[in-house]
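Some notes on the structure that comes next.
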Amino acid sequence: MISVESVSKRFGDFTALDDISIEAPDGKLTALLGPSGSGKSTLLRVIAGLEVPDSGTVVVSGRDATSLPPQKRGIGFVFQHYAAFKHMTLRDNVAFGLKIRKKGKPEIKAKVDELLHLVGLEGFADRYPAQLSGGQRQRMALARALAVEPSVLLLDEPFGALDANVRADLRAWLRRMHEQVPVTTVLVTHDQEEAMELADRIVLLKDGRIAQVGSPRELYDQPADPFVMGFLGRVSKLDGKLVRPHDVTLSDRPEDGWEEAMVQRVVHLGFEVRVEVVRGDGEEVTAQLTRAEAEALEPHAGSIVWVRPPASGVSA
Amino acid sequence: MSVDRRTRIGLRVVALGYLAVLLLVPVGLVFYRTFEKGLGFVWESVTTPAAISALFLTLEVAAITVPLNAAFGIFAALALVRGRFPGRRLLDALIDLPFAISPVVIGLALLLVFGRTGWFGPELAEAGIQIIFSVPGIVIATVFVSMPFVAREVAPVLEEIGEEQEQAAATLGANAWQTFWRVTLPAIRWGLAYGVVLSTARAIGEFGAVSVVSGKVAGETETLTLLVEKRFQNFDLAGAYAASALLALIALGTLLAMSLIGARKSEA
C-alpha cells in the first residue's frame, strides 16, 4: 500500500501540490486523474522519489520512504515517452534491473523470457527500441519495470504518446495484465475514459488539490461538484442544474410540467444520436438518445419537442 | 527555396574553388615538395633523432592531454546540462575561454603563473619541479587550448537524450555510478568520440602556446610543429616539408576518424 500524507510541493511561485493525502490500496489500480497542471504527475514523481516534496510524508509498503532515493523504494516506473535505453536490445532493457541486482545469467534469462511472453514481445528480444513501434516500446518499458518485482507500479501517462487505436488495445491489455499480476498500481492520466476503464479507485485532482476520491461509478453518478461532473463526462445545463445528456428525456407531445423546445441540430454518431434543442426561455440543452429513441421521436431541425425537468443533477 | 540549375552549379564551383585555393593546393604542394627529392630523403629526414623524438613527444603530449580533456569535458558537460547550481552560466562562458584567447597569450599567461619569476615559480623551483621549458608545461599549454572540444560536443547530446533514461535507471535500482557507465556514457559515446578526435587534432597541431612554454630544446622539448618551424627558420625547406607531411598525415588520419564517427553520430 502507498500512503501519501499532507504532501506539498512548489516550483517557484507555482503550487503543484497543496497538502495532498491519498492512499493506494494493495493489489488495486488507483488512477490519478486531472487536467494538465493539476499536479497528478508531480504526485506520482513524489511517490517514486524523483521529486522531493517540500513537506509531508510518503509511505510505501509500511515503510517511510520520504527520504529514500528512487533506487531503494521498490518501485517500477513507466514513463510517457518510454525512456527506453536506446543503445540496448529489448532483452538488455528488460534485464537491466536484474543485472544491477547481480542476478545469475540463467535466472536473468528465464525471467526476461517470462516477461517478454507476458507482454507479447517474444519474437523481438534482439531488436533495438528504434526498431519497435510506440506500443511495443511501452510494453517493453512495462516488462522492464516489472522485472525487478516492484511492490508498486507507477505509470505516468503510459499511453499518452500513442495513437488512439493502439491506446485502446494497450488499455485492454493492461487491464488483463493487472488481473493476472495484481501489483499495486498508480496510473496518471488526463483521460477520464482511461481512468474509468482501468481504475478501481480514481483520485481526481484540480490545481494541486483533491477534487474527489472514489470508485469510477461514484465519481460519475455522485460527483461532488460541477468540476468533477464536467471532467468525468459530457454535461448539459437544464433548469440551473448540470445533468448528463443521456439523462435528458424528450417527448413529441406535451406532458405535464415539461418545457417546449425547438430542435436546432441533430447529430448521428452511430450508436447514439445527439439532439441540440433550445427552450422557450432561450436555454440550450443537449440530449443524447439511443437510435431506437431517435427513430421513435424523429427529431429534425425546426421540429418541436418537450423536455422533461431534471430528476436530479448538480447545481451549477 | 528553389535555386535554378545554373546558379547551383555556379555556387558549387565557387565553393570548391575557394576550398581548392585555400586548402587543397597548399596541402597538396607540401606533399609534392616533400617527395620531390625522393622517398629515401623523406625517410632520412623524418628518422633523424630530433624528428623521432619530436614525433614521440607530440604523441606523448596528446596521450596525456586527451584523456584529461575527455574526463573534464564529460564532467563539465554533465554540470552544464544536468547541474542546478549558481554560476552555471559563468562556467558555460568560461569553457569557451581557450577558444577566445590567442594561444600565444595563453603561453605567456602560463609563464606568468609557473615561470621562474611567476606566482608559483619559487615554490616549484624549491620543490625541484620544472614546469616551464619542460614536458609538463607543454602538457598544461596543450590541455588549455584543447579543453573545450569534448564539453562542447557532449553537452548538446546530453541535452537531447534528456534525463528520463537516467531516471528510469534510478527507478530500476542503479546508483549514480552505474547509471553513468551503463546508460549515460553509451548514450553520449559518439559525441564523446567526436570531441576526442577534435581534441586530439588540436593537441597534435598546437603551436603558439607550446612555442612559448616549451623552450624548444631539440630531442627534449621539441614537438613536431616546433620542429617544422625550426627547420623552416634554418632554411632546411625540404626537411620542414617532410616533417609537415608527417603532421599532415596524422591530421588526415584524424579527419578520416572524424568523418566515420560523424556518420555514426548522425545515425544514433
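Below, read A as the first sequence line, B as the second, and so on, with proteins coming before strands; counting in each chain starts at 1.
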Name the option with the most non-hydrogen atom pairs under 4.5 Å to chain B; the candidates are A:Gly74, A:Ala83, A:Ala145. A:Ala83
Please state whether the side chain, the backbone, both or neither of A:Phe96 comes within less than 4.5 Å of a heavy atom of chain B. side chain
Less than 3.5 Å apart and able to act as donor and acceptor by atom type: which atom pairs between chain A and chain B qualify?
| residue | atom | partner | partner atom | Å |
| --- | --- | --- | --- | --- |
| A:Arg45 | NH1 | B:Gln167 | OE1 | 3.4 |
| A:Arg45 | NH2 | B:Gln167 | OE1 | 3.3 |
| A:Gln71 | NE2 | B:Ala174 | O | 2.8 |
| A:His87 | NE2 | B:Arg182 | O | 2.9 |
| A:Arg101 | NH1 | B:Leu172 | O | 2.7 |

Would you mind telling me which of A:Pro69, A:Gly49, A:Gly97, A:Pro70 has the largest number of heavy-atom pairs within less than 4.5 Å of chain B? A:Pro70
Residues in side-chain hydrogen bond (donor to acceptor under 3.5 Å, both in side chains) with A:Arg63, at least two apart? none
So does B:Phe56 have more than 12 non-hydrogen atoms from other groups sitting under 6.0 Å from CZ? no
Considering only heavy atoms, which portion of A:Ala130 lies under 4.5 Å from any heavy atom of chain B: side chain, backbone, both, or neither? neither
Counting only heavy atoms not in B:Phe31, do more than 12 fall under 6.0 Å of its CZ? yes
Check whether A:Ala147 gets within reach of chain B through its side chain, its backbone, both or neither, counting any heavy atom under 4.5 Å. neither
Could you tell me which portion of A:Leu50 (side chain, backbone, both or neither) has an atom closer than 4.5 angstrom to a non-hydrogen atom of chain B? side chain
